[in-house]
There are 2 protein chains.
Amino acid sequence: MSQRSGRVDSRRTDTRERAVTVALELFARQGYTATSLREIAERLGVTKAALYFHFRTKEEILTAILRGYLDGVTTLVEAAEGPDELIRGFAAHQRQWGIDLVLLVWQNYTEIQDLPIGAEIRQTMRSLVDTLAPAGADPAQRLRVRIALSTFQIAAVTALVEDDDDEASLREAALGLSLELLRGADPGTREGTTTEA
Amino acid sequence: MSQRSGRVDSRRTDTRERAVTVALELFARQGYTATSLREIAERLGVTKAALYFHFRTKEEILTAILRGYLDGVTTLVEAAEGPDELIRGFAAHQRQWGIDLVLLVWQNYTEIQDLPIGAEIRQTMRSLVDTLAPAGADPAQRLRVRIALSTFQIAAVTALVEDDDDEASLREAALGLSLELLRGADPGTREGTTTEA
DNA sequence: GTCTATATTCTGATAGAC
DNA sequence: GTCTATCAGAATATAGAC
């Protein structure tokens with residue numbers, strides 16, 4: 001963004017984008033710390049020094065990956081008009097970003113949590129729970145919502161481990177379970193869009 | 001075990017046990033790869049070389065931690081007389097081993113999965129699901145069981161992130177949700193101990 | 001059982017040429 | 001934008017004295 005000149009530069013390469021893609025896969029499958037810049041660079045067919053032209057630190061690569069995903073979630077939360085619509089939007093979002101992103105966030109949260117974007121992720125997830133949980137929900141109800149959200153991640157990981165299971169049907173089952181859990185979070189009224197408390 | 005002489009050796013130290021405890025905490029909080037042997041040794045007040053007397057590799061420390069936990073789960077599965085009893089036993093087991101073990105397995109699964117004990121963990125978890133799910137359960141029902149099992153882990157992590165929530169009540173809520181999910185896995189008969197299919 | 005000392009390899013990161 | 005060359009530090013692991 002800050003390095004684009006506006007017009008199409010003939011010398012422009014796609015190394016940065018490719019680096020983000022490759023890093024996502026390697027970070028997800030091997031872990032952030034266990035993946036070296038040398039490894040990423042080799043996959044891209046460039047040197048480590050070339051990577052340092054695009055990113056100032058290794059952490060910046062990780063942050064770049066998470067940025068797009070997180071902004072998507074924020075947009076979802078802000079645009080949501082009701083719990084059911086939001087959970088469906090979240091399901092689609094998780095699907096769109098794929099198993100590697102899910103793995104990346106879960107398996108490397110230890111490293112992510114200390115980064116600036118880690119605080120953003122916590123905040124976004126909390127607003128997601130806030131939006132999905134009834135106003136004034138107790139911790140048990142909020143836990144229910146958190147489990148409803150984790151459903152898609154568990155399904156994605158299950159599809160990876162149990163390779164004989166059909167991923168698409170697992171996703172569908174996850175959505176059903178998620179909605180079921182969500183409805184249980186508020187045994188009373190859950191028809192209108194209770195945006196106001 | 002293999003190095004004990006039977007009688008109480010006055011020169012015997014508890015470095016190995018202490019190393020396992022310290023490593024569990026550091027691996028859980030910082031990640032397996034991000035934690036160095038130097039760090040573990042410093043915490044113990046010994047040198048790296050002393051650690052290598054007790055463990056041949058870094059992976060062996062990780063394996064030693066997971067061994068006790070995993071054997072406990074196996075024992076639970078073999079002794080189980082019914083789904084409800086098993087899930088309660090699993091809940092108690094998770095509680096007993098604490099948040100650090102839960103974090104360790106989840107946050108470092110990328111590294112664990114390639115170890116020999118990683119295969120054991122997968123197998124044990126599968127037998128756990130097998131025992132909890134009705135015979136002939138479809139993937140969707142098995143997913144439900146997996147989510148029921150994840151409940152305790154999500155509760156533990158939630159207690160860590162949301163430090164104003166009461167951990168004990170979260171655990172209680174998790175057990176209730178887990179049982180609720182489990183009952184939904186088989187809408188039909190779930191009274192007798194259907195050990196035979 | 002624990003130590004000092006060391007071997008070897010890799011890490012993230014920088015300088016400067018092209 | 002990418003390269004070669006290099007840095008300082010840290011990693012796992014081993015050898016051998018005590």
So, [X] side chain and [Y] main chain: donor-acceptor pair closer than 3.5 Å or not?
X: B/Asn108; Y: B/Phe27; result: yes
X: A/Tyr32; Y: A/Glu59; result: yes
X: A/Gln141; Y: A/Asp138; result: yes

Query raised in the report: In residues 28-35 of chain B, which residues come under 4.0 Å of DNA chain C by heavy atom?
Result: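 None, since no heavy atom is under 4.0 Å.
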
Report task. In sequence, state the C-alpha distance, the side-chain angles, and the governing distance for A/Gln96 and A/Tyr69, and then conclude on side chain to side chain donor-acceptor pair (under 3.5 Å). Result -> CA-CA 10 Å; A/Gln96 191 180 352; A/Tyr69 168 79; over 6 Å; no

Roughly how many Å is it from [atom1] in [X] to [atom2] in [N], rounded to a whole number?
X: B/Leu51; N: C/dG1; atom1: CG; atom2: C1'; answer: 12 Å
X: A/Glu42; N: D/dT2; atom1: CD; atom2: P; answer: 16 Å
X: A/Phe53; N: C/dC18; atom1: CZ; atom2: P; answer: 19 Å
X: A/Leu44; N: D/dC3; atom1: CG; atom2: P; answer: 10 Å
X: A/Tyr52; N: C/dA17; atom1: OH; atom2: P; answer: 21 Å
X: B/Glu17; N: C/dG1; atom1: CD; atom2: C1'; answer: 15 Å
X: B/Arg18; N: C/dG1; atom1: CZ; atom2: P; answer: 13 Å
X: B/Arg16; N: C/dT2; atom1: CZ; atom2: P; answer: 13 Å

Short heteroatom pairs, N/O only, protein and nucleotides 6-10 of chain D, under 3.5 Å:
none

Report task. Could you list all the salt bridge (charged side-chain N to carboxylate O under 4.0 Å, His left out) pairs where at least one residue sits in residues 121-131 of chain A, not counting sequence neighbours? Result -> A/Arg126-B/Glu162, A/Asp130-A/Arg142

Query raised in the report: Take atom CD in B/Glu60; do more than 12 heavy atoms of anything else shown fall under 6.0 Å from it?
Result: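 More than 12 within 6.0 Å, yes.
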
Query raised in the report: Is there side-chain contact between A/Ile87 and A/Phe152, with at least one heavy-atom pair below 4.5 Å?
Result: yes

**Report entry** Flag side-chain contact, heavy atom, 4.5 Å: A/Phe55 against A/Ile40
**Finding:**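 Of all side-chain heavy-atom pairs linking A/Ile40 with A/Phe55, none is under 4.5 Å.
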
Report task. Can you sort out which residues in residues 57-65 of chain B have a heavy atom within less than 4.0 Å of DNA chain D? Ascending by number, please. Result -> B/Thr57, B/Lys58

Report task. Classify the angle between the aromatic ring planes of A/His93 and A/Phe90 as parallel (below 30°), tilted (30 to 60°) or perpendicular (above 60°). Result -> parallel

Query raised in the report: Of A/Ala49 and A/Glu39, whose nearest nucleotide on DNA chain C comes first from the 5' end?
Result: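 The answer here is A/Glu39.
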
Report summary line: Sorted by chain and residue number, the side chain to side chain donor-acceptor pair (under 3.5 Å) partners of B/Gln107 (sequence neighbours excluded) come out as none

Query raised in the report: Does B/Thr47 place a side-chain N or O at less than 4.0 Å from the phosphate oxygens OP1/OP2 of C/dT4?
Result: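 Indeed not, no polar side-chain atom of B/Thr47 lies that close.
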
Query raised in the report: Of all the choices, C/dG1, D/dT2, C/dC3, which nucleotide is nearest to the side chain of A/His54 once you look at every atom?
Result: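 Taking heavy atoms from C-beta onward, the closest nucleotide is D/dT2.
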
Report summary line: Ranking C/dA13, C/dC3, D/dG1 by distance to the side chain of A/Leu37, first place goes to C/dA13

Query raised in the report: Under the 6.0 Å and 45° cation-pi test, does A/Lys58 pair with A/Tyr52?
Result: no

Report task. Kindly give the cluster partners of A/Val102, where membership spreads through any ILVMFWY side chain lying under 4.5 Å from a current member. Result ->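 Cluster partners of A/Val102: none, it stands alone.
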
